[in-house]
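In what follows, a structure is listed as structure tokens, so that the remarks can point back to it.
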Number of protein chains: 2
Amino acid sequence: MYIETLKKELKNKKYRMTPQRELVLKVFIDNESKHLGAEDVYRLLFSNKHTVSKATVYRTIDLLVEFGLLRKIDFGDGIYRYELAKKEKMHHHFICKICGKIYEIEEKHLEIIKKELLSQGFQFEDFDFKIYGICPKCSKKAKNKSENKK
Amino acid sequence: MYIETLKKELKNKKYRMTPQRELVLKVFIDNESKHLGAEDVYRLLFSNKHTVSKATVYRTIDLLVEFGLLRKIDFGDGIYRYELAKKEKMHHHFICKICGKIYEIEEKHLEIIKKELLSQGFQFEDFDFKIYGICPKCSKKAKNKSENKK
DNA sequence: TTAAGTGCAAACCCTTTGCGCAGCT
DNA sequence: AGCTGCGCAAAGGGTTTGCACTTAA
């Protein structure tokens, strides 16, 4: 169904469907829960014996972002990551500063913020909401450690 | 007063106060409303006849972030920008996709989100909340244009 | 057939690092 | 003297680009 959208968009813009473009999109479909960078996509394809060049991976990802199939995420570590853009479900990211794990957080309160912005004349297209901190697991570990020391 | 904080922090960590460190911090103080990248800082100093090497600019900025005097912002264009971290006033960014202007948005609703996270065991340290869209000015312009066409 | 797409390697660009010299303490 | 800090230039690392070859339509 993502593939269908891709084909449709390509036709609209008079671009072509190619095996490489399908392969790149499939990587994102098969790794839905992950946040993959271009390098990751390249390596995943490579280890599956599908050789798609890095240049093509980068170009295809740009295309998929342009088509709204992928959302670009930036965790501030110098690597752009991407995730399938499921329009229905807006979610955000909590990044643990200790273990590095990324939690997806569903947020309903943002609706209020959206409404306020709209009333001020802002049209929003994309939210990027990241929270950095310490996740429950890590703060539990830290707690245990300090108790053992006593 | 930022300078005082810098001096204090440096003393704490047994680092030294230098003219370069003061100059870099001053650039941020004198350009409070802007979001400067390292390159910008370097150029601003250069055009004011103060030569501080790029390496030092980068190193000093890292230091200032470490001390909590600067906040790192990432608008996803491959350049890290920084702003003076005024702890009191949490604000966020609206980036217009047409004119590129960055609006600072004060947000009070995030308090609710913070509370919910806390109750789930998440400890947050930093919020990064960016909204991409079209600002009131640009959407007005677009509107006028389409009306003229009629 | 022919314009779009691909692969390769080199180029880019922001950022980081190694190293010798300068300057606090 | 012994570190810390600086400037310079080179290296790093993710991303982009030029160009000749390949391929979808």
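A note on names: the letters A, B, ... follow the listed sequences, proteins ahead of strands, and every chain is numbered from 1.
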Is the A:F75-A:H93 ring centre distance short of 6.0 angstrom? yes
Verify the ring-centre separation between B:F94 and A:F122: is it less than 6.0 angstrom? yes
Taking the six-membered ring of B:Y103 as reference, does the NZ or CZ atom of B:K101 fall below 6.0 Å from its centre and within a 45° cone about the axis? yes
Length of the line joining [X]:[atom1] and [N]:[atom2], which is rounded to integer Å:
| X | N | atom1 | atom2 | answer |
| --- | --- | --- | --- | --- |
| A:L23 | D:dA24 | CG | P | 13 Å |
| B:Y42 | C:dT15 | OH | C1' | 14 Å |
| B:E66 | D:dG5 | CD | P | 11 Å |
| B:K54 | C:dT15 | NZ | C1' | 10 Å |
| B:K13 | C:dT25 | NZ | P | 18 Å |

Is a side-chain N or O of A:R21 found less than 3.5 angstrom from the main chain of A:K7, in a donor-acceptor match? no
Upstream residue (5' side of DNA chain D) when B:K14 and B:V52 are each assigned their closest nucleotide: B:K14
5'-most by nearest nucleotide on DNA chain D - A:D62 or B:T51: B:T51
Just N and O in the side chain of [X]: are any of them under 4.0 Å from OP1 or OP2 of [N]?
| X | N | answer |
| --- | --- | --- |
| A:Y15 | C:dA4 | no |
| B:Y58 | C:dT15 | yes |
| B:T18 | D:dC6 | yes |

Among D:dA24, D:dT15, C:dC8, the one nearest any side-chain atom of A:P19 is D:dA24
Nearest to the side chain of B:S53 - D:dG7, D:dG5, C:dT15? D:dG7
Any ion pair linking A:D74 and A:K72 (charged N to carboxylate O, less than 4.0 Å)? no
Categorize A:R59 for me: base, sugar-phosphate, or nothing, with a 4.0 angstrom heavy-atom threshold over every strand shown. base
What nucleic acid atoms does B:Q20 come within less than 4.0 Å of, heavy atoms only: base, sugar-phosphate, or nothing? sugar-phosphate
Do the side chain of A:R16 and the base of D:dA25 come within less than 3.5 angstrom through a donor-acceptor pair of N or O atoms? no
